[in-house]
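What follows is a set of notes on a single structure, which appears directly below.
Below, all heavy atoms of this structure are taken into account, side chains as well, without hydrogens, waters or symmetry copies. Since the model is a prediction, treat every value here as computed from it, not as a measurement. Letters A, B, ... mirror the listed sequences (proteins, then strands); counts begin at 1.
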Number of protein chains: 2
Amino acid sequence: MPRDSRMSRMLHVLIHMDRHVKRATSEEIARMLDTNPVVVRRMMAGLRDRGFVTSEKGHGGGWELSRGLDAITLLDVYRAIGEPALFSIGPHADHPECLVEQAVDARMAQTLAEAEALLMARFETITVADLADDFERRFAAHRVRNGPGGRCASGTA
Amino acid sequence: MPRDSRMSRMLHVLIHMDRHVKRATSEEIARMLDTNPVVVRRMMAGLRDRGFVTSEKGHGGGWELSRGLDAITLLDVYRAIGEPALFSIGPHADHPECLVEQAVDARMAQTLAEAEALLMARFETITVADLADDFERRFAAHRVRNGPGGRCASGTA
DNA sequence: AATAACGTAACTCGTATAGTTACGAAAGGA
DNA sequence: TCCTTTCGTAACTATACGAGTTACGTTATT
């Protein structure tokens, strides 16, 4: 399993906030993600700084969406969590002056950059609302199979 | 710097073996990569198992290319080192039954798979000989700037 | 005031590559 | 035969970074 799951987890949270909980504390979100409130605050700080969610302290506080899911792209979320490294493979400058190493690493960098550009282009096109629609389709199919039930098959949020 | 540099390093070694050293011990290769002979043997074991290089024990032993660089693609090398994980981002199954999580992770997986397919297609197209040609062009330009000199600007191999 | 919540620093944990040590096996030379 | 060179490999340590945890401060509501 890849080491960095922040993007996936933040998307998960945003959809739950839109569909199910409206305002949620870090504690509640932590239960959705099966983790700790501190991890949640850390991951969501960037989303707050960029205006996708707001946080309120004190009684009745918590997190709230500050715009519609159709106004948040996957690229927005990727940037909000700090644009973490995409690839786990890459160069390692053993002898930076070696022209062989330079040639190899330049091609590797260029090739990875193409893949990165593709990913960024996709991320820019897909909104969180698109993912929420995917969820609705799965949910409809789920109701056909299992009959009417809770809003989330997991019962956790 | 990405954590896994095996592919880049193996490409570097293959080109040096073709152009400069023909037969090299793990010790010599370790110096090219500024590392340890054991690390070299570990990384090259897969290349040997797939027939791209041979290893000989004892006096006068070492590593040797067993085919031309134009018969080795980047995909061959990627596979030979064990097809390591490409991406450092991805899902994290917190609540596998949650339909929201499923929807998010399915899209993420699909998008990453597209980028992976692009990379694999590129890797399949590019041969190590292409990288060696890149090196030759850099070397020619280097000689124009600095006059005739050693075969490798680093002097390390 | 007391309580509920976020904000954040600082530390530990998990995991995978990289690096190191140690030792065995094989090949060739003296 | 014995010694040296070299690969093969297990096992351990070092490093890096996201994730998880603890602790404590701040703010807002009751």
Side-chain angles (χ1 to χ4, degrees), chain A residues 1-10 12-13 17 21-49 53-64 66 78 80-94, chain B residues 1-10 12-13 17 21 23-49 53-64 66 78 81-94:
Chain A
M1 187 183 308
R3 288 202 252 295
D4 185 342
S5 58
R6 285 175 288 177
M7 182 160 171
S8 182
R9 284 175 140 185
M10 286 300 92
H12 184 177
V13 169
M17 288 177 71
V21 292
K22 298 306 175 194
R23 173 169 286 198
T25 65
S26 303
E27 181 66 39
E28 290 163 345
I29 294 171
R31 276 194 293 273
M32 288 181 206
L33 299 179
D34 194 29
T35 181
N36 184 296
V38 177
V39 172
V40 171
R41 294 189 191 109
R42 205 150 59 194
M43 289 193 292
M44 296 193 58
L47 293 172
R48 180 190 56 225
D49 295 346
V53 296
T54 56
S55 62
E56 296 289 347
K57 294 178 177 178
H59 265 290
W63 299 85
E64 199 165 2
S66 46
Y78 174 68
I81 60 174
E83 309 193 39
L86 289 174
F87 301 106
S88 46
I89 67 171
H92 178 129
D94 301 308
Chain B
M1 185 183 309
R3 286 200 259 291
D4 185 343
S5 57
R6 285 176 288 178
M7 182 162 169
S8 181
R9 284 176 138 183
M10 286 301 91
H12 183 176
V13 169
M17 288 177 71
V21 293
R23 174 168 286 197
T25 65
S26 302
E27 181 65 41
E28 290 163 345
I29 294 172
R31 276 196 293 274
M32 289 181 206
L33 299 179
D34 195 29
T35 182
N36 184 297
V38 177
V39 172
V40 171
R41 293 189 194 112
R42 204 150 59 194
M43 290 192 292
M44 296 193 58
L47 293 172
R48 180 190 56 227
D49 295 345
V53 296
T54 56
S55 63
E56 297 289 346
K57 293 178 178 178
H59 268 287
W63 300 85
E64 199 165 1
S66 46
Y78 173 68
I81 60 173
E83 309 192 40
L86 289 174
F87 301 106
S88 45
I89 68 172
H92 179 128
D94 300 308

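- Backbone-only contact: B:S5 has heavy atoms under 4.0 Å from sugar-phosphate atoms and none from a base.
- For D:dT6, the OP1/OP2 oxygens have no side-chain nitrogen or oxygen of B:S26 closer than 4.0 Å.
- Expressed to the nearest 0.5 Å, how far CG of A:D34 lies from NE2 of B:H92 amounts to 7.5 Å.
- Looking at heavy-atom distances under 4.0 Å, B:D4 makes contact with sugar-phosphate atoms alone, never a base.
- A sub-4.0 Å separation between OP1 or OP2 of D:dA19 and a side-chain N or O of A:R6 is present.
- Side-chain proximity of B:T25 to the nucleotides C:dA18, D:dT6, C:dT20 is greatest for D:dT6.
- Between B:R41 and C:dA18 there is no side-chain N or O to OP1 or OP2 distance below 4.0 Å.
- Side-chain contact between B:L33 and B:V13 is present, with at least one heavy-atom pair separated by less than 4.5 Å.
- A residue-by-residue look at A:V38 and B:K57 shows that B:K57 has its nearest nucleotide of DNA chain D further toward the 5' end.
- Rounded to an integer number of Å, the gap from CZ of B:R42 to C1' of D:dC12 is 11 Å.
- B:E27 places its CD atom 17 Å from the P atom of D:dT4, with the value rounded to the nearest Å.
- Nearest-nucleotide assignment on DNA chain C puts the 5′-proximal partner with A:R48, out of B:E56 and A:R48.
- In terms of position on DNA chain C, the residue among B:G60 and B:P84 whose nearest nucleotide sits closer to the 5' end is B:P84.
- In this structure, B:S55 and B:D94 both approach DNA chain D, and ranking their closest nucleotides by distance from the 5' end singles out B:S55.
- Side-chain to base pairing of B:H59 with D:dT6: no donor and acceptor N or O lie closer than 3.5 Å to each other.
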